[in-house]
Protein chains: 2
Amino acid sequence: MSDEGFGGSSPPDDYRRRLHDAAMKAAKEAVASGLAGRDAHLMQAVKALDDLNEAFNVLSERLAEWYMVLCPGHQMRPVELIDFILKEGLPEEDSVIKGLASTAKALNDERKALEGYIKAAMEEIAPNLSNVAGPILGARLIARAGGLEKLAKMPASSIQVMGAGEALFKHLKAGTPPPKHGLIYKHPLVKGASKKARGKISRMLASKAAIAARVDFYSGETVDLGDLKEKAAAIKAKGRKKHECR
Amino acid sequence: MSDEGFGGSSPPDDYRRRLHDAAMKAAKEAVASGLAGRDAHLMQAVKALDDLNEAFNVLSERLAEWYMVLCPGHQMRPVELIDFILKEGLPEEDSVIKGLASTAKALNDERKALEGYIKAAMEEIAPNLSNVAGPILGARLIARAGGLEKLAKMPASSIQVMGAGEALFKHLKAGTPPPKHGLIYKHPLVKGASKKARGKISRMLASKAAIAARVDFYSGETVDLGDLKEKAAAIKAKGRKKHECR
């Protein structure tokens with residue numbers, strides 16, 4: 001038996017050490033490539049935007065409830081109330097409530113700044129996807145997929161239901177109807193459509209988004225994917241026509 | 001039949017109208033008295049503090065994850081990282097990450113400001129309870145009870161387990177051992193004690209807190225409730241002695 005085999009006691013140790021080294025190297029490279037891409041910052045920005053949205057909602061609701069102590073039954077909306085408190089001041093506990101209002105305002109301003117950053121980054125990283133889905137939804141799709149490369153390798157049908165995890169699980173387990181849309185539901189063309197047309201419009205959008213992501217990742221050029229509004233209108237009209245014929 | 005009875009069609013209408021007016025008046029007064037107390041602001045401040053804690057934790061964790069993209073494996077703690085980013089700057093995406101860091105810093109500063117407000121308010125509204133439980137835990141007890149008056153009317157045993165809702169429910173439904181402490185667990189004398197002594201120390205603290213809340217609400221004077229540290233030490237020593245005798 002050669003030294004490279006498993007005969008003695010030393011070669012297996014050596015083999016294990018080399019296996020361990022190779023596995024560690026592969027793992028480190030995988031982590032590094034996952035983190036190093038230009039889209040890594042974009043993904044963090046999308047998650048941070050969600051965190052900021054949540055924090056702003058909680059704090060502005062708290063502020064509205066606190067303001068109720070001073071003025072029961074007020075009807076101001078969160079952003080209005082924050083501006084009002086910062087401008088007008090309050091008869092009681094002025095400084096502490098104002099402090100909370102300016103913290104909520106800081107969250108709102110940072111939210112807007114992050115949206116601006118995401119729009120600019122999408123323009124650079126994935127302009128075609130940004131055109132199809134809008135910059136924020138496009139960035140959400142990239143973040144959910146785990147990067148632009150992974151999104152570019154996904155079939156359109158996966159993009160269509162990405163983010164509808166629970167409904168998909170129910171479909172597979174309990175046989176409920178499959179979900180028609182996940183994240184893509186947020187697209188104004190889907191959200192604004194009748195319940196009947198939504199499934200078809202989200203399939204159309206998902207297939208365009210899949211093409212856009214591939215062009216963005218592999219070539220970086222700009223492609224013309226047609227007028228999506230027109231296509232959605234055609235799908236809606238077709239649905240209505242069928243209905244009339246019956 | 002007189003006009004005041006139920007003979008015609010008009011008196012019942014009048015009766016209903018007056019009943020409605022009286023009920024509305026009583027409801028409005030109840031809402032107003034619930035909101036108008038000096039402790040109403042304190043309760044809102046405690047809830048706001050919890051909201052701020054949660055938001056700060058989420059944002060600072062997000063920042064740590066984002067910073068990992070630039071420097072995998074860093075070991076800085078949240079507040080350290082925020083200071084570092086704001087001071088040193090970053091090689092990439094500087095302005096957007098700095099913006100998030102300064103938003104997280106604003107949350108942290110506001111948290112400290114609210115704690116200061118709560119301490120000052122407790123000194124004014126419930127100085128005895130503040131002495132027994134500390135200002136923040138004391139304010140939490142008031143907030144959970146729904147006001148200083150309600151806390152003052154609670155038996156000590158309720159104060160002891162207030163905030164242990166789920167464990168109490170399990171005890172009543174499934175016969176598990178009753179909870180020994182709820183919110184009061186956060187008191188350093190309970191938290192620092194052995195598992196065996198915790199139940200007794202929290203009962204002692206709850207009874208002192210009940211007395212303190214009553215004095216604060218009904219007289220506003222300062223009472224001497226003894227040295228709590230000494231009492232807790234005596235409970236611990238008794239527990240150890242018993243153990244040695246066996």
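Chain naming here is simple, since letters A, B, ... match the order of the sequence lines and numbering starts at 1 in each.
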Most contacts with chain A, counted as non-hydrogen pairs under 4.5 angstrom, among B:Glu61, B:Met43, B:Glu54, B:Glu110: B:Glu110

For chain A, which of B:Ala48, B:Ser102, B:Ala106, B:Ala55 has the most heavy-atom pairs under 4.5 Å? B:Ala48

Around atom [atom1] of [X], are there more than 12 heavy atoms from other residues, nucleotides or ligands closer than 6.0 Å?
{"X": "A:Lys105", "atom1": "NZ", "value": "no"}
{"X": "B:Glu88", "atom1": "CD", "value": "yes"}
{"X": "A:Lys170", "atom1": "NZ", "value": "no"}
{"X": "A:Glu166", "atom1": "CD", "value": "no"}
{"X": "A:Lys186", "atom1": "NZ", "value": "no"}

Max heavy-atom pairs within cutoff under 4.5 Å with chain B, candidates A:Leu59, A:Asp109, A:Ile97, goes to A:Leu59

Among the listed options A:Leu100, A:Leu107, A:Val58, the residue most often paired with chain B at heavy-atom distances under 4.5 Å: A:Leu100

Working for side chain to side chain contact (heavy atoms under 4.5 Å, CB included), residues A:Lys47 and B:Trp66: CA-CA 10 Å; A:Lys47 289 181 196 170; B:Trp66 197 339; over 6 Å; no

Just how far is it from atom CZ of B:Arg111 to atom OG1 of A:Thr103, taken to the nearest 0.5 Å? 12.0 Å

Contact part of A:Leu63 toward chain B, heavy-atom cut-off under 4.5 Å: side chain, backbone, both or neither? neither

If I measure from the heavy atoms of chain B, does A:Ala45 come under 4.5 Å with its side chain, its backbone, both, or neither? both

